Protein chains: 2
Amino acid sequence: MGRPRVTVIDIAQAAGVSKSTVSLVLQGSPLVKGTTRAKVVEAMNELGYVYNRGAANLRQTGSKSGIVGVVVNDLTNGFFAELAVGVDIVVQSAGFVQFLSNTGESIDRQREVVASMREHGISGLLVSPARGTDPSDFAPLVEAGIPVVVVVRSLPGGKLSSVVADNPSGVAGAVRHLVSLGHRRIAFLGGFQDTAVFHERLSGYRSAVTAAGFGFDEALVVPSAPSRAGGADAVARALAVEERPTAAVCFNDAVAFGACDGLRSHRLEPGRDFAVVGFDDVIEARTAVPALTTVSVDPQAMGRRAGQLLLKQIAAGGVSSEAVMTSVRLVVRESCGAPRLAAQA
Amino acid sequence: MGRPRVTVIDIAQAAGVSKSTVSLVLQGSPLVKGTTRAKVVEAMNELGYVYNRGAANLRQTGSKSGIVGVVVNDLTNGFFAELAVGVDIVVQSAGFVQFLSNTGESIDRQREVVASMREHGISGLLVSPARGTDPSDFAPLVEAGIPVVVVVRSLPGGKLSSVVADNPSGVAGAVRHLVSLGHRRIAFLGGFQDTAVFHERLSGYRSAVTAAGFGFDEALVVPSAPSRAGGADAVARALAVEERPTAAVCFNDAVAFGACDGLRSHRLEPGRDFAVVGFDDVIEARTAVPALTTVSVDPQAMGRRAGQLLLKQIAAGGVSSEAVMTSVRLVVRESCGAPRLAAQA
DNA sequence: TGACCATTTTGGATCGTTCCAACAAATTCA
DNA sequence: TGAATTTGTTGGAACGATCCAAAATGGTCA
């Protein structure tokens with residue numbers, strides 16, 4: 001049980017040197033002679049020494065704890081789990097460990113978790129904020145010189161660094177694909193108008209649609225809850241506009257599935273009578289009937305990218321603000337009505 | 001940037017008391033007078049004080065760091081993500097934070113991660129070990145009085161506490177269900193023979209099959225890789241034994257899906273010509289065709305249970321060994337050929 | 001009033017490490 | 001040879017909290 005801890009002093013004694021020398025060895029300093037280093041290392045193995053980062057950290061300026069905090073809003077969601085894995089990979093290979101916590105979209109929980117991480121002296125924080133997060137919640141960290149990187153969802157008024165998917169170009173690519181299939185009236189379905197992601201995606205729609213020379217038609221933009229039910233509802237409303245659309249790009253895959261439901265209840269078969277494109281590429285997208293054409297974002301790659309950015313800022317010491325967009329790609333399946341061959345394009 | 005840290009001494013000064021008193025307040029001691037406490041708390045808010053756990057920890061005996069380490073072998077797998085969430089819930093509400101890392105089935109990585117966690121002074125470790133983990137890897141922790149709880153996969157020769165699903169009774173229940181549907185020749189398909197989980201599940205099969213009065217037939221046990229391909233292979237071999245089986249319970253859902261593939265290539269329709277039962281209840285089980293009858297383990301509940309056990313051991317101070325089994329339940333869908341009504345039984 | 005008690009408060013010493021300035025030993029150079 | 005330089009090593013003072021024994025405070029009672 002409570003056996004006395006082995007400390008640098010014990011090592012020093014066993015190796016016949018001073019504790020300062022042991023410390024130097026610990027830090028891999030080139031100042032110590034090879035033979036001395038060997039003696040020390042041997043003593044450490046001998047006695048089963050465990051480095052005490054807490055103590056080291058106490059003395060070290062700038063709290064280089066070697067811990068990065070990672071906070072996600074829903075670990076249950078495969079997307080975020082992948083993201084966390086991506087972060088873990090780069091962070092771990094840089095010799096850091098990751099404090100990972102899940103907020104389950106609760107702002108209170110998020111606050112607690114972040115506070116707790118701060119007490120533990122994290123060197124940086126990576127967060128996929130819960131819905132409705134106030135950006136100023138992170139101000140104290142930034143003021144204290146702790147880098148903060150926001151992922152997936154960007155925060156308005158952002159002085160914070162962020163890594164988000166390239167939403168505009170993802171949607172734009174989807175629109176271009178539909179245009180190339182001959183569609184002229186393309187709707188944009190679903191999503192809450194008060195979120196940053198909605199506006200990013202909508203802007204991609206807008207620019208692609210005008211670039212194609214169709215002009216932007218407000219009536220073809222139908223917001224809704226970003227859920228299956230919302231999608232069904234949205235497509236119904238879209239079908240009611242005069243000069244009805246023949247295709248839609250949806251806010252996300254859930255909306256897209258809902259749109260398919262809605263189409264069927266109007267006796268329209270998605271993929272044949274009406275083209276549907278989603279966003280996210282959730283697992284079911286592949287196996288659904290018809291298989292969903294969608295914009296795929298690689299969450300693990302995103303996690304890696306975000307981890308790199310955070311590490312860079314930690315290394316730089318200062319807190320700078322940088323916004324990164326990770327690329328996305330269109331995965332052509334069946335719901336857009338394109339012949340399967342197009343998938344290879 | 002590097003603004004000087006606010007310490008207990010600053011607070012003491014601002015509140016006109018001694019640092020000891022501030023410390024008492026920090027620990028919620030009943031010794032301090034209400035008015036004094038209020039002054040101190042106000043000063044803390046005023047100056048934006050952040051508790052330094054590292055420093056506290058240094059002085060405190062027994063390393064009550066308030067950190068628990070959680071190591072899983074595959075965070076990408078929804079099962080483990082859910083598990084981690086379950087752990088997080090109980091651990092967090094007890095005021096601990098969780099260090100979560102992913103090993104991706106790499107033993108080396110696992111070793112690194114555990115070492116790193118130890119350096120950070122975790123108060124307990126919860127681990128779903130990577131395949132091929134040597135139980136003695138955790139001996140140093142146990143010797144140092146740090147509780148270790150193994151989840152999901154139990155480790156042979158286990159002096160360690162563990163929380164695993166009740167594999168025997170899960171499989172036994174599946175067998176009984178098949179018997180009730182009239183099956184007499186039931187195979188056990190898939191899984192590596194050298195894993196503990198395999199033997200646990202097989203033992204459930206064995207006992208249920210003998211309890212039903214059929215006698216245990218070695219030929220009906222067909223191990224294979226615990227994958228889709230392995231399942232296809234296993235079912236093919238099972239169909240080749242004389243007096244061929246009419247049903248199978250599979251090592252896990254992946255094997256079960258493979259078995260369905262294999263059946264079809266033998267012109268047998270799963271659920272109609274041959275009954276298949278899986279284990280795990282992965283997400284696709286519900287949506288597959290036919291929907292998979294399977295044994296469901298609730299990973300989040302398991303995580304909560306494991307978290308509780310770990311906290312209990314941390315609180316107790318000592319390291320005791322306890323083995324917990326979490327209950328499982330059979331989810332009847334279509335692949336076993338039972339009429340849908342049976343699902344309500 | 002002074003002895004006694006309960007309640008609050010307090011100044012060091014301490015935890016395990018790193019930093020710093022100073023020292024000893026070995027080497028180089030004039 | 002002696003001074004200057006390089007190369008290794010070292011003791012003590014931090015870091016920011018907790019613990020302990022002791023002191024201050026206030027009340028009660030003979």
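All values derive from a computational prediction rather than experimental measurement. Below, each value reflects all heavy atoms present in this structure, side chains not excepted, and no hydrogens, waters or symmetry copies. Labels below follow one simple rule: chain letters A, B, ... track the order of the sequence lines, proteins then strands, and each chain is numbered from 1.
- Listed by chain and number, the residues in a side chain to side chain donor-acceptor pair (under 3.5 Å) with A:Arg131 amount to none (sequence neighbours excluded).
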Between the protein and nucleotides 21-23 of chain C, list the N/O to N/O atom pairs that are separated by less than 3.5 angstrom.
none

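- B:Ser106 and B:Asp108 share no donor-acceptor pair across their side chains, judged by distance under 3.5 Å alone.
- The distance from atom CD of A:Gln60 to atom C1' of D:dC15 is 11 Å, rounded to the nearest whole Å.
- Partner B:Ser128 forms a side chain to side chain contact (heavy atoms under 4.5 Å, CB included) with one of B:Asp74, B:Val152, B:Val164 and no other, that one being B:Val152.
- B:Tyr49 pairs in a side chain to side chain contact (heavy atoms under 4.5 Å, CB included) with only one of the listed residues (B:Val22, B:Val40, B:Ile11), which is B:Ile11.
- Per the geometry, CZ belonging to A:Arg118 stands 15 Å off C1' belonging to D:dG16, to the nearest Å.
- One can place CD1 of A:Ile11 at 12 Å from P of C:dG16, the figure rounded to the nearest angstrom.
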Q.
For nucleotides 7-13 of chain C, give me one character per nucleotide, 5' to 3': B if any protein heavy atom sits under 4.0 Å from the base, S if the only such contacts are to the sugar-phosphate, - if neither.
A. -BSBBBB
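- Here D:dG16 presents its P atom at 14 Å from CG of B:Leu47, a figure rounded to the nearest Å.
- Side-chain N or O atoms of B:Thr76 include none that pairs as donor or acceptor with a backbone N or O of A:Glu82 at under 3.5 Å.
- At the phosphate of C:dT18, OP1 or OP2 sits under 4.0 Å from a side-chain N or O atom of A:Ser23.
- Judged purely by atom type and a 3.5 angstrom limit, B:Ser162 has no side-chain atom pairing as donor or acceptor with the backbone of B:Leu155.
- Screening A:Val149, A:Val97, A:Leu126, A:Ile314 for a side chain to side chain contact (heavy atoms under 4.5 Å, CB included) involving A:Val68 leaves a single residue, A:Ile314.
- Going from atom CD of B:Gln308 over to atom CZ of B:Arg304 covers 8.0 Å, rounded to the nearest 0.5 Å.
- Proximity of a side-chain donor or acceptor of A:Gln110 to a complementary backbone N or O of A:Ala130 within less than 3.5 Å is detected.
- B:Asn57 has its CG atom 13 Å from the C1' atom of C:dT17, to the nearest Å.
- Residue A:Gln27 has no polar side-chain atom (N or O) positioned under 4.0 Å from OP1 or OP2 of C:dT17.
- Within the structure, ring pair (Phe, Tyr, Trp, His ring centres under 6.0 Å) contacts touching residues 65-97 of chain B (residues at least two apart or in different chains) do not occur.
- The number of heavy atoms from other shown groups lying within 6.0 Å of CD (B:Glu42) does not exceed 12.
- The ring pair (Phe, Tyr, Trp, His ring centres under 6.0 Å) analysis of residues 101-155 of chain B, with sequence neighbours excluded, yields the pairs B:Phe99-B:His120.
- Terminal axes of the helix from C:dT1-D:dA30 to C:dA30-D:dT1 (five pairs each, C1' rotation axis) are separated by 50°, to the nearest 10°.
- Residue B:Tyr49 has its side chain nearest to D:dA17 when only D:dA17, C:dC19, C:dG16 are considered.
- Remark: P of D:dA14 and CG of A:Leu58 are 14 Å apart, rounded to the nearest angstrom.
- What separates CZ of A:Arg37 from P of D:dG8 is a distance of 10 Å, to the nearest Å.
- Counting non-hydrogen atoms under 4.0 angstrom, B:Ala56 reaches the backbone sugars and phosphates but no base.
- At whole-Å resolution of the value, CD in B:Gln13 and P in D:dA17 are 14 Å apart.
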